[in-house]
Each structure stands twice: as structure tokens, then as C-alpha cells.
Amino acid sequence: MWIFLTASVFSVLQVAHVGGQEDGGNEGCVPGFQVKKYQVAYRGPFQKGQPLLQVEFDDCAGNEDVTFGVSDPNFHVDEDLNLVPLRDVPHSEPVLFIHGLSANADDLAQVDITGMSLRNILGTGQKLPYRSKRSLLVPPMVVSENQRAPFPKIIGTVIPSGESRKHIFRLTGPGADQDPKGLFTIDMDSGVVSVSRSLDRETTGFYQLEVSTTDFAGNLIEGPEEVKIIVIDQNDNRPIFKETRYTGKVLEGSPTGTTVMTMTAFDADDPNTDNAVLRYNIVRQSPDKPSPNMFYIDAERGDIVTVISPAVLDRETLPTTTYELEIVAKDMAGSEVGLTGTATATITITDKNDHAPEFTHPLFEAHVYEGSTGVVVNLTVDDRDDPATGAWRAMYSIISGDPTQNFEIQTNPDNNEGMLSVVKPLDYEASAFRTLLIKVENEDPLVPDVGYGPSSTATVHVRVEDINEGPVFFPDPLIVTRMENIPVGSFVASLNATDPDILEIQSIRYAILQDPAGWLSVNPVRGTVNTSASLDRESPYVYDNKYTAVFIATDNGTPPATGTGTLIIYLEDYNDNAPYVLPSVARVCEDAHDVTVAVVGGWDKDLPPNAAPFKIELGKQPDLDKTWKVTRVNSTHSQIMLLRSLKKDNYQLPLLITDSGVPPLSNNTEVKVQVCICNKNRMHCSSAHSHLHPVEILLGILVKQICCK
């Protein structure tokens, strides 16, 4: 407990802990309160949590582990060194003491509460007589925004009931004891309400608080009653357009009064006053030709409409297709004292298809070599409509003169020209001159009162230039069928090439261009093809039984021209290849007998019926059938069986295979049989270079073994 000079006895100190950053050595620092005495004006009950003042304390060592005590337990010092009520305090001692203590400082500061009267102190614990009817007279209060200092400024008075006893006025709610705290205060004795700083209606235009009266002990006497505070608007906001630049379009020839666009500005002031009533005006038009007043803006709605006549609103005759308007919006209903905001409106005069495209010339001429393709002439047109629009882009079509569809016309997107091309080569001998009629139109349809005239069609004369064309083979390819292995010098085919230049008499000579196997020869004058070597169907130059050769025909024109033709020879099969057996190697264990050694198949380069079915049998050597047996499996395969066990070695088994050709062909072949030692699923066979027993020796050994048994 503290005892002070006022002889008052205070309760035990309320303690708070504050942490700080070390100052790293502060020369000349005096530990303790840097200000020893403070004052707080008493204007009514202290509100819970509302800071009264900030003390200045420094222990010169970073304020580490500093504790503060306040002589009145209703207050404490928070972490920001603010003196703050812990609860609502309707009255307080006239003097408070704050004790600061740390390892480096021990100091006191004094806080004087000014404006306290003796009745504030003596009224503690006293109760006023009970009255059943209590009421406060709270008139509506108004305050203008943007008021200037000094503050506070009185905005109204709360009138209590007619009783003469003493009371304390209390103001609560947002703007008083709630955020934003301290905007409004009330004199605890008189009920006078004041505003403490400038207000902004656009932030908050209305406050609703509560006022009540209590006795000195804090007991409610009257209220609470609503306090309504209205913030009066001032014209402190200019009209603002959402954008600084607006764009609009109007079609050329539009009727007078056509709405182009609408300009809209916003004013943050009170919409119920002239402060936010806007009027619009056009202050500048650029360019100002053909009239400075081509457009009008509705002063109240902001609608921009056309003023000039449709005939004058012609995109092709106006000095520009884009007009810029400076628009001003003014509040106060457009009066001289109103505030203004400015924006720019850019209006584009858009095009309609009121001009048909016209050819720059009625006749165009072109020449093209026969047999060639590509662009032969560019057709030029004029169109006064807006480029890069459907009203300007041209579409060309061939009306007549192209029954065989040799020509095509496309639009060049860069310059709108028509590119006339030959897509199917022309023939000089068929026609040396072509006349085309071309029509041009727009992508977009013309307006009703405009049509396509004679200038929208043009004639194109195309002259076909003759060139020496190469001979043409017919048929191409020429397909014939011949048997393989026919005698050398046999006739194969007769080539036929003609010269397209029928108006000239020219001779043709033939030659071989491609003969991969070198089997053919050709008569250079007659074009007859004969064999110069044997035709072999099984040759690698034959694919799918077809042999292909290419011939060249050359005329005697100036310069000479050539043409190529293809000869395809289908080769019929002849039985000229003996069959053979696969696989050629087999393995078997030495203790095996009556087992299948291998399944072998017959193969033949010839085609059926000169190939399968095959007959596979043992060779003609005697006694082979005592050890081996060949059994047919199907038309192409047979199985080899070992009838007796053989010792480990490599044996050559002779086989005879015969095909089904007429006459048939046979082939004596051998299958190497490796007799191996088998154990644990592994086979140990003789190496490839081990001794190979002739069949006669093998048979002798087998006979001897049989006889000795």
C-alpha cells in the first residue's frame, strides 16, 4: 500500500510488464521517467480501454523487464506505455501516481486530473431517490462536414428531466466510446454535445449514439435515449467520369437525332442536394468541319446524338472519319459555382456499303505459255468504302469464257486486287486465244439504293503461247505379261508415243531411261522392246512378280522435247528353282531313341504349282532307315525320328526333297544332327570342328553293334 502527502490510502498496485529493445549504450541517459508530471482533463467518465496519455520512461538499458504500478487499481500502463482505464471510471482521484521499476531504474511520475469538483469525489457510494418516470429530451443534431479548427465545437445539448438533483451525462456508441472513438463528447454536467474533429459525410453521413444519466455512484437515472447526428453535405466532390476516354460509333448517313453514346459521370456528394445534380456540355469538337456543332449532348441524361443531316454525314466526303469531343460534367445543376469533371468522347463514322467496286480498266490482257500454271494478270478495282471492311473487300467471279475451268481468281487481301491464275494447263493446239468476262462484288451487300453498274465487270484477253511439248506415251503405264526365262531376243512390247504439237511434223526416237536388271532393248525408231537377257521372276529387281522399266521419247523440235513412259512386265513363274530344307541343324540326346529329332520344312523360290506340296525322304544310301525315319506332317513339313541311340558326335543325315512342278525338281541336301550328352537340362555337344562321321562309317558301326548283340 502507498501513503501519499494527500493522506489518502491507495489500494495495492496494479502491475503491468512491458518489454523493449536494448538501446546498445545510451550516453547521457538518466534512468526513469523522462517526463515527471502529466495532466489529464476530466470531461466526463473515463471510458474502458480508451488511452488517456502516453508516459515517457527509459531505464537506459532497453526497458527490459520493466514493471509499472498505478496508485488507482482502475488504471494500468499497457505495452505501448499508454495509461488506460481497465473499466468505465465515472470519477477518479484528482492525482494519480505511476511507479516504474526495473533492474536499472526506480522512479515515480505524477498525473493530475483537472476539472474534477468536490462533488465528483464526495458523491462516491451515494444513491439518489427513486423516481418512476424519467425522460431525457434529445433533439436531433446536425453538423456540417469539413469544419475547420478550433475544436471541440458544440453541436447540441441533451436536456434532462426537471428534477433538481445532480447527475452525470454519459455518451456511448460508435463515435463516442466505440470506433471511431472520441469523435463526439458530452459534458458530464451540462449535457452539451461537441464534435472533436472534422467529419467527412462521404465516409459516414449519419451517427446514432445513446445518452444516459447516472448518479455519482454510477447508478442509471435516465435513458438511454437515441442521439441522432446528421452530417450535412458540402459540395466538396467533383463529378468523376469512370473513364477519361470514351469511344462510340455512328453509321454514315444516320438520321439526325441518332444516339451515338451516353456519357455518365458520378458525384460522391449527397444525391438529394444540388451538390450531386449534374449537367453535361460539349465544350470542344475536333475537327470542327464541316460544322462545329455536328453533335449535341443531352444536358441531363448525357446522351450524345447527331445534329447534321444524313447527306452531310458521309464518311467518304468528311475531312476525317474520327471526331473528338471534350465533355464537361458540372454539379450544382450546372450553376456557375458548380465543380466540373472532364472526359473525352471519340466518335468514329463507320462505313456502309454505298459504293460499288469498279474496275480501273474495262479490258485487261494476259499471255501464258501452254502447259504452265500460276498467276497471269492482276485485276485492279477502286472502292471508296472503308478499307479492311466487308464493304470494301472484293470478291471476283468468272462469268463466261471458262467452260473447262482452267482459270481461278482470288482476292489479294493486301490491295484488293483480283489475281487471275491458270490452274489447269492450257493447250495451244486446242485454243490459242481465250476471252473471259469477270465480275466483282463486295463481301457485304450494297445498300438498297446502290447497285452494280457496267464498271463492275471487265474483259480479260488471254493469249496462249506455243511451246514444243514433249511426246506423250499411251497407255502409260503399258502393262504386259511374259513368262520368265523366255529366249533372249524375244518380243516384249511395242511402245506408242505421240507428239502433242499436231500443227508441226516431228519425228520421235525411243531410248531406255531405267532398266534396273539390264534385261531389255528398244528399237529407237519403231519403239519395239525385246529381251537382251533372261527374265528371272526370282530376281531382287522383281517386286510382286512385276518388273518395271522406264523409257524416254524425244522429238526433233527446237529445242527438243522429251516425254517418259513406264513399262510393267508381269512375269509368269517357270519351275527353275529346286526346293531346299530348313532348318539344316538339329540336336538330340545320345541316350534317346524313338524320338523326334526335328521337324523340317520345304522351301522353294518358285510359285505354286511349282513349289508345294513337297516330298521329303531319306537319301538313297543303304540302311539309313534302320536308324532314321522321315514322316510327312503336311504338304510342306516332315518330321525326322531317331530309331536308335547314338554316341555323342555330329552326324550328316542325307535327305531328298522334291517339288510339285512339271517336270518336278529335286534336291539332295543334308541335315546336321548333333548327338549330345544331356544332364540337368543341359546339352553338351561336340564343337563345330569335331570329327564328322561319314554315313557309311555310321552305318557300319550300327550294323556291327546290331550283329554283336
Side-chain angles (χ1 to χ4, degrees), residues 367-374 376 404 406 422-432 463-577 605-607:
H367 72 277
V368 59
Y369 288 103
E370 66 171 332
S372 64
T373 58
V376 296
T404 54
N406 294 89
V422 175
V423 293
K424 291 169 59 177
L426 298 170
D427 185 4
Y428 172 81
E429 286 72 25
S431 177
R463 186 175 67 256
V464 183
E465 304 286 349
D466 185 32
I467 62 172
N468 186 25
E469 300 173 87
V472 178
F473 283 83
F474 182 84
D476 187 23
L478 173 61
I479 302 174
V480 298
T481 300
R482 294 290 182 270
M483 178 70 72
E484 67 171 331
N485 298 328
I486 59 177
V488 175
S490 298
F491 172 79
V492 176
S494 180
L495 303 177
N496 178 33
T498 58
D499 194 332
D501 297 310
I502 58 177
L503 301 181
E504 299 180 17
I505 300 177
Q506 298 181 143
S507 61
I508 296 176
R509 295 183 66 84
Y510 299 91
I512 296 174
L513 184 62
Q514 294 178 10
D515 180 15
W519 292 341
L520 305 174
S521 64
V522 63
N523 185 294
V525 178
R526 295 192 300 273
T528 54
V529 180
N530 296 80
T531 60
S532 60
S534 180
L535 305 180
D536 183 8
R537 192 197 64 82
E538 292 75 32
S539 168
Y541 297 107
V542 176
Y543 303 95
D544 295 332
N545 304 318
K546 294 182 294 185
Y547 180 72
T548 302
V550 180
F551 296 85
I552 185 171
T554 306
D555 64 19
N556 62 346
T558 305
T562 61
T564 59
T566 300
L567 172 64
I568 298 177
I569 305 173
Y570 273 93
L571 293 175
E572 296 180 336
D573 187 41
Y574 180 81
N575 194 20
D576 57 347
N577 290 278
K605 294 181 179 180
D606 292 319
L607 296 175

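All values below come from the heavy atoms of this structure, side chains included, with hydrogens, waters and symmetry mates left out. Quantities reported herein were computed from a predicted structural model and do not represent experimental measurements. Numbers here simply count residues along the sequence, with the first being 1.
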Discussion item. Could you check whether any side-chain heavy atom of F551 comes within less than 4.5 Å of a side-chain heavy atom of L567, counting everything from C-beta outward?
Written reply: yes

Worksheet item: S532 side chain to L520 main-chain N or O, any donor-acceptor pair under 3.5 Å?
Response: yes

Fill in: Any T498 side-chain heavy atom under 4.5 Å of N496 side chain
yes

Worksheet entry | Enclosure of F491 CZ (heavy-atom neighbours >12, cutoff 6.0 Å) | yes

Discussion item. Is there a side-chain contact between P500 and V472 in this structure, where contact means two heavy atoms from C-beta onward sitting under 4.5 Å apart?
Written reply: yes

Worksheet entry | With N577 via side-chain hydrogen bond (donor to acceptor under 3.5 Å, both in side chains) - residues at least two apart | E538, D606

Worksheet item: Do V542 and E484 come close enough that some side-chain heavy atom pair is under 4.5 Å?
Response: no

Fill in: Within-4.5 Å side-chain heavy-atom neighbours: N545 and L607
yes

Discussion item. Treating R482 as the side-chain partner and I569 as the backbone partner, does any N or O pair qualify as donor plus acceptor under 3.5 Å?
Written reply: no

Discussion item. Keeping E370 on the side-chain end and I467 on the backbone end, is there a donor-acceptor pair under 3.5 Å?
Written reply: yes

Worksheet item: Can you tell me if D544 and Y570 form a side-chain donor-acceptor pair at under 3.5 Å?
Response: no

Discussion item. For a 4.5 angstrom cut-off between non-hydrogen side-chain atoms, does Y547 reach D515?
Written reply: yes

Practice prompt. With sequence neighbours excluded, give me every salt bridge (charged side-chain N to carboxylate O under 4.0 Å, His left out) pair touching residues 465-476.
Written response: R463-E465

Worksheet item: Just wondering, do W519 and S539 contact through their side chains at under 4.5 Å, heavy atoms?
Response: yes

Fill in: Set of side-chain contact (heavy atoms from CB on, under 4.5 Å) partners for N556, sequence neighbours left out
Q506, S507

